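Below: one structure, written as structure tokens.
Just the heavy atoms: all of them, side chains too, but no hydrogens, waters or symmetry mates, feed the values below. Throughout, a chain's letter reflects where its sequence line sits, starting with A, and its residues are numbered from 1. These numbers come from a predicted model, not from an experiment.
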Amino acid sequence: MNPAKPNRPDKEKNISVPMKKGASIAMLVILLALLALNNFGIQRFPKPDFESKYVVPATQAPMPRSIILEYLDVVVLLASISLVTWFVLKKRSRMGVFGVTVFSILYFGFYREGCICAVGSLQNVVLGLFHPEYHIPLTAIAFFIIPLLFALFYGRTFCAGVCPLGAIQDVFAIKPMKLNEWVQSLLGLVPYIYLGLAVLYAATGTDFIICRYDPFVGFFRVNAPFFMFVIGVLFLLVGVFIARPYCRFFCPYGVLLNLVSRVSKKHLSITPTVCIDCRLCENSCPFGAINKPLGHKSPESRNVTVKRLILFTILIPLFMLLGGFGGSMIHGNLANVNPKVRLASELLLPDNQLTSLQQVDVTTFRSSGQAVDKLNEEVASIRRQFYWGGWILGGFVGLVIGLTLARLAIPRYRKGYWPSKGECLSCGRCLEYCPVKPDMNDAQLNALKKSAAQ
Amino acid sequence: MENQDKFNRRDFLHKSLRTGIGLSLVGVAAFLARKTNAGNYVWQLDPSKCVQCGRCATNCVLTPSAVKCIHVYDMCGYCDLCGGYLRPETKEFNTAAESQLCPTSAIKRKFVEEPFFEYTIDEKLCIGCGKCVKGCNAFGNGSLQLQAQHKICVNCNECSIARACPAEAWSRVPLSEAYQLRGFENPKKG
Ligand code: SF4
Ligand code: SF4
Ligand code: SF4
Ligand code: SF4
């Protein structure tokens with residue numbers, strides 16, 4: 001087989017002209033091209049004039065996956081979210097959602113190898129917003145915005161069975177345990193911190209940490225570095241008992257979906273019509289996302305409410321300030337992840353203290369002839385970004401902690417069993433537990449209620 | 001009655017929030033889309049910046065790396081004593097594995113005619129370590145060059161070699177500019 005086949009046949013003709021005739025012309029072209037390009041490759045040995053019938057093979061340069069297929073991914077995404085939404089809201093069918101889950105694991109997971117995904121696209125968006133010179137691919141924009149728009153109207157149907165990360169965890173949720181509300185709220189803070197860090201590192205152009213520490217992409221590629229493989233296995237094993245641990249306690253994109261979904265127009269409800277408090281669905285949610293009826297009707301005294309209000313209006317800004325201060329204090333450590341910052345500090349070390357890896361960085365930098373001053377200037381500006389980024393990140397974390405505390409402290413009053421619009425992943429598991437049917441009349445409902453009370 | 005009021009107020013609040021969030025999401029998307037062009041982007045290694053540090057072999061998310069040595073035959077001198085094929089200390093020509101530079105013996109040598117030899121890279125064996133590239137640059141014409149083989153490369157959201165590269169040789173380029181081989185024009189540009 002001819003090893004050399006660039007995609008375009010006309011090009012091939014161009015390249016593999018039999019050298020006997022075309023040699024001198026080709027040489028001239030190459031030399032001119034070399035002169036024009038750079039003085040890098042030195043033509044020490046002229047290209048031979050072959051006497052035999054030898055044909056110079058064409059250089060191999062296979063092109064990547066076609067752009068049409070990338071757009072196809074967007075179409076598949078749209079189709080599968082629409083399908084899940086329809087299954088959850090119209091058909092009320094868990095089986096349907098499960099079908100799409102399996103499809104997603106196969107398509108977005110193993111076929112597309114977990115890339116591009118909506119979770120990571122959030123970093124492309126941030127980088128695009130902060131760095132005008134970065135051209136974000138259209139597909140990344142689409143993957144970022146489509147699940148959010150769906151969540152805005154129909155809840156987190158993307159999480160239900162389209163997200164490949166969620167899907168692979170979902171099939172492992174075999175024996176889910178209930179978590180204590182406080183534990184759940186506390187762990188629920190982690191995604192906010194993760195989101196903050198991911199935004200900080202993407203905005204400063206440092207790294208895409210969500211992609212680097214994606215625990216499942218290694219499985220999809222069947223090619224994980226050992227460390228990430230262990231983490232991935234741990235997540236799946238823990239996920240047997242604590243359903244979807246990555247989704248609930250890490251996923252930064254889930255934070256956005258959660259917030260957006262709270263104001264969703266038409267969210268999944270466990271009962272098709274009214275809740276009769278039969279408690280059949282109470283333990284059906286593996287993610288602890290069902291809100292139970294709460295509290296007493298007699299309202300607490302106005303005094304207590306006012307006092308609490310004052311307390312939190314003082315506490316929350318205080319938390320934000322403290323957090324911001326803390327964030328700004330550790331901005332040096334945060335900035336050290338940036339390769340330029342690291343290089344600048346390596347340049348200050350004496351040569352004998354450098355590891356062999358650092359040695360390579362330093363010698364490459366020195367031989368490239370770049371000015372140290374210019375690097376230092378750049379690094380100073382990156383550090384400044386991290387300083388203010390640290391304030392904002394810390395303040396944000398403080399705010400989230402404050403609001404979580406407030407939510408836990410304020411007594412609420414709730415009627416019936418409804419999914420928490422933010423945390424519910426719209427998986428549809430609870431639907432089949434509800435005995436209420438859409439076409440029941442009042443008498444039937446009353447009868448149901450009575451039998452449930454016994 | 002009071003309850004009814006509360007719900008109406010809440011509905012209204014949700015509706016306004018929904019509209020606000022929806023509009024701002026679409027706004028962000030439109031703002032970003034303005035700058036993008038229809039094509040996709042790929043990670044591209046600039047061989048004139050590369051110093052063959054070896055991280056292309058070790059830092060790719062794929063094993064073996066998606067970075068391969070690509071031979072630009074038009075630049076090759078077809079030397080008998082190839083600086084990319086043989087270890088520099090090897091005085092006489094010998095195709096034994098221990099005198100080859102390539103750790104996986106991915107370079108195949110074939111006699112063409114006196115005194116010329118053709119060197120072909122077996123892509124399945126190449127791990128992208130760049131040892132041959134270094135040798136070819138030092139003693140030969142520089143026809144061996146490291147490139148992300150775009151059919152293998154999964155085009156990560158953030159190339160993990162790009163971040164580790166000491167020479168800042170990596171950048172994201174439009175699909176039409178994939179492959180920056182010296183002495184070889186981009187097949188797409190044609
Ligand atoms: S929470 Fe995150 S990881 Fe889980 S399904 Fe939703 S987007 Fe995917
Ligand atoms: S649909 Fe929501 S509330 Fe129901 S089981 Fe799934 S996550 Fe829980
Ligand atoms: S990491 Fe950079 S310098 Fe090192 S071999 Fe790859 S492209 Fe060349
Ligand atoms: S983009 Fe990913 S697959 Fe391609 S060379 Fe970089 S790390 Fe390897």
Side-chain angles (χ1 to χ4, degrees), chain A residues 3 6-8 10-11 15 26 30 33-34 37-38 40-48 50-52 54 56-57 59-64 67 70 113 115-116 120 123-125 128 132 135-139 141 145 148-149 152 207-208 211-212 221 223 260 263 265 339 360-361 364-365 368, chain B residues 14 17-18 21-22 25-26 28-29 32-33 35-42 48 51 53 61-63 70-79 112-113 116 120 137 139-143 149-151 153-158 160 163 166-167 172 175 178-179 181-184 186-188 190:
Chain A
N7 280 9
R8 309 240 324 227
D10 55 326
K11 192 66 210 171
I15 290 174
I30 289 168
L34 275 176
L37 275 172
N38 47 45
F40 179 79
I42 314 158
Q43 196 85 11
R44 293 192 178 88
F45 309 99
K47 187 186 190 73
F50 294 108
E51 241 115 77
S52 59
Y54 176 71
V56 177
T59 298
Q60 269 190 311
M63 291 311 280
I67 185 76
E70 312 276 331
E113 304 191 326
C115 205
I116 176 165
Q123 302 161 114
N124 301 62
V125 168
H135 291 278
I136 175 171
L138 269 184
T139 40
I141 303 179
I145 194 161
L148 283 172
L149 286 180
L152 194 58
D207 198 3
F208 281 10
C211 297
R212 181 174 306 275
R221 293 192 178 136
N223 199 329
V260 163
V263 296
K265 190 178 170 83
V360 174
D361 293 336
T364 309
F365 177 79
S368 75
Chain B
H14 279 194
L17 276 172
R18 200 155 55 229
I21 296 173
L25 278 177
V26 172
V28 166
L32 289 170
K35 296 194 312 175
T36 180
N37 64 16
N40 215 351
Y41 285 78
V42 290
S48 62
V51 297
C53 68
V61 297
L62 304 176
T63 355
I70 291 190
H71 196 180
V72 181
Y73 294 94
D74 275 344
M75 285 186 72
C76 182
Y78 288 80
C79 321
V112 178
E113 63 181 52
F116 302 127
T120 321
N137 275 337
F139 304 109
N141 289 353
S143 62
Q149 212 276 37
H150 288 294
K151 213 160 200 146
C153 172
V154 293
N155 199 11
C156 302
N157 213 354
E158 178 83 338
S160 58
R163 187 167 174 273
R172 223 189 258 266
L175 193 60
Y179 294 105
L181 289 157
R182 276 171 283 118
F184 172 76
N186 184 312
K188 263 285 172 84

Quick one: do Q149(B) and Q60(A) satisfy side-chain contact (heavy atoms from CB on, under 4.5 Å)? Show the steps, please. CA-CA 9 Å; Q149(B) 212 276 37; Q60(A) 269 190 311; 5.9 Å; no
What is the distance from atom [atom1] of [X] to atom [atom2] of [Y], rounded to the nearest 0.5 Å?
X       : Y       : atom1 : atom2 : answer
H14(B)  : L152(A) : NE2   : CG    : 11.5 Å
E158(B) : Q123(A) : CD    : CD    : 8.0 Å
E70(A)  : L175(B) : CD    : CG    : 8.5 Å
L138(A) : Y41(B)  : CG    : OH    : 9.5 Å
T63(B)  : R221(A) : OG1   : CZ    : 10.5 Å

Determine whether [X] and [Y] make a side-chain contact, defined as any pair of heavy atoms from C-beta on separated by less than 4.5 Å.
X       : Y      : result
F116(B) : S52(A) : no
T59(A)  : D74(B) : no
N155(B) : P64(A) : no

Check: Y179(B) side chain, M63(A) main-chain N or O, donor-acceptor pair, under 3.5 Å |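 Here the side-chain-to-backbone pair does not exist.
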Return the minimal non-hydrogen interatomic distance between [X] and [Y], and the atom names on each side.
X       : Y       : answer
P166(B) : D361(A) : CB-OD1, 3.5 Å
C156(B) : C115(A) : CA-SG, 4.3 Å
P62(A)  : H150(B) : O-CB, 3.7 Å

Looking at V112(B), L17(B), V154(B), which one has more heavy-atom pairs under 4.5 Å with chain A than the rest?
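With the most close heavy-atom pairs to chain A, the winner is V112(B).
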In terms of heavy-atom pairs under 4.5 Å with chain A, which of V28(B), L25(B), V26(B) leads?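 Sorted descending by pairs with chain A, the first entry is L25(B).
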L149(A), L148(A), V263(A) screened by side chain to side chain contact (heavy atoms under 4.5 Å, CB included) with I21(B), the one that passes: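 Only one of L149(A), L148(A), V263(A) forms a side chain to side chain contact (heavy atoms under 4.5 Å, CB included) with I21(B), namely V263(A).
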### Query
So H135(A) and R172(B), side-chain contact (heavy atoms from CB on, under 4.5 Å) or not? Walk me through it.
CA-CA 9 Å; H135(A) 291 278; R172(B) 223 189 258 266; over 6 Å; no
Contacting region of I116(A) [heavy-atom separation from chain B under 4.5 Å]:
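Contact with chain B: none, neither part.
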Which bit of N223(A) is near chain B, if near means a heavy-atom gap under 4.5 Å: side chain, backbone, both or neither?
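It is both, since atoms from each part get that close.
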Item to check | Structural part of V61(B) lying under 4.5 Å from a heavy atom of chain A | outcome: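 It is both, since atoms from each part get that close.
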- Item | Atom group of I70(B) that falls short of 4.5 Å from chain A, counting heavy atoms |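 The side chain, not the backbone.
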Margin query: Below 30° counts as parallel, above 60° as perpendicular, anything between as tilted: where do the rings of Y78(B) and Y54(A) land?
Written below: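 Rings of Y78(B) and Y54(A): perpendicular, over 60°.
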